[in-house]
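Inspection log for the structure reproduced underneath, given as structure tokens.
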Amino acid sequence: MLAKLVSFAGIGVINAMVDLAVFTVAYELLKLPLVPANVMAWLVAVSSSYVMNSMITFRTESGRSLNRSAYLSFVASGTLGVATATTTLVVLSHFVSVFAAKLLSIVVSFVVNFSMSHFVVFRAKPADRDRAGSEH
């Protein structure tokens, strides 16, 4: 579990940069409001995250393959993360700069997204859990 958390965090750092870059372009250059800019950034980052986590962090559970059902499950589980992140962003933007609020919202969503990925999207199949238990 610790190795998965570290891998997920590393991928999360990459995707946080993707999220922040897309958000900055959408908010600063395209002048989109906070919520649409945040949702656009999330859509790009969540897609990138699904690919990397399928191939690296949860490679055993995914078989290193991408499929529509798992992607849609990943995106659906991420809706809790984006809702939490967007709420955090909007609320904190009243007290701190938008940039600081965005950074804090990324941290909050990391916790939610890892939990959803580990316990829902990429949970070990019963045969995998049995095999893992017999290895210890």
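Positions are given from 1 along the sequence. In this text the structure is predicted, and so the values were computed from the model without any measurement.
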| From CG (Asn53) to CD1 (Ile11), nearest 0.5 Å | 4.0 Å
| task | Measure the CG-CZ distance between Leu5 and Phe110 for me, rounded to the nearest 0.5 Å. | result | 5.0 Å
Write down the atom of [X], the atom of [Y], and the distance for their closest heavy-atom approach.
X: Ser115; Y: Val111; answer: OG-O, 3.0 Å
X: Thr88; Y: Ser105; answer: CG2-CA, 3.8 Å
X: Val98; Y: Ser93; answer: CG2-CB, 4.3 Å

Is it possible for you to say whether [X] and [Y] belong to one hydrophobic cluster, with membership spreading through side-chain heavy-atom contacts below 4.5 Å?
X: Val107; Y: Val46; answer: no
X: Tyr71; Y: Met55; answer: yes
X: Val112; Y: Val18; answer: no
X: Val91; Y: Leu103; answer: no
X: Val90; Y: Leu43; answer: yes

May I ask you to decide if [Y]'s main-chain N or O and [X]'s side chain share a donor-acceptor pair within less than 3.5 Å?
X: Thr79; Y: Ala76; answer: yes
X: Ser7; Y: Lys4; answer: no
X: Arg59; Y: Arg64; answer: no
X: Asn67; Y: Ala70; answer: yes
X: Ser73; Y: Ser69; answer: no

| task | Decide yes or no on side-chain contact (heavy atoms from CB on, under 4.5 Å) for Thr84 and Ser109, but give the supporting numbers first. | result | CA-CA 6 Å; Thr84 304; Ser109 69; 5.6 Å; no
| task | Run through the side-chain heavy atoms of Ile, Leu, Val, Met, Phe, Trp and Tyr, join any pair under 4.5 Å, and report what else lands in Val6's cluster. | result | Leu2
Side chain proximity check, [X] to [Y], heavy atoms < 4.5 angstrom:
X: Met52; Y: Thr57; answer: no
X: Ser54; Y: Phe74; answer: no
X: Tyr50; Y: Leu66; answer: yes

| Worked check of side-chain contact (heavy atoms from CB on, under 4.5 Å) between Asp19 and Val44 | CA-CA 7 Å; Asp19 186 325; Val44 173; over 6 Å; no
| query | How far apart are the C-alpha atoms of Trp42 and Asn38, what are their side-chain angles, what is the distance that settles it, and do they pass the side-chain contact (heavy atoms from CB on, under 4.5 Å) test? | reply | CA-CA 6 Å; Trp42 174 78; Asn38 200 54; 5.6 Å; no
Compile the donor-acceptor pairs under 3.5 Å between side chains in residues 22-35 and protein atoms, sequence neighbours left out, one pair per line.
from	atom 1	to	atom 2	distance (Å)
Thr24	OG1	Leu20	O	2.7
Lys31	NZ	Glu28	O	2.9

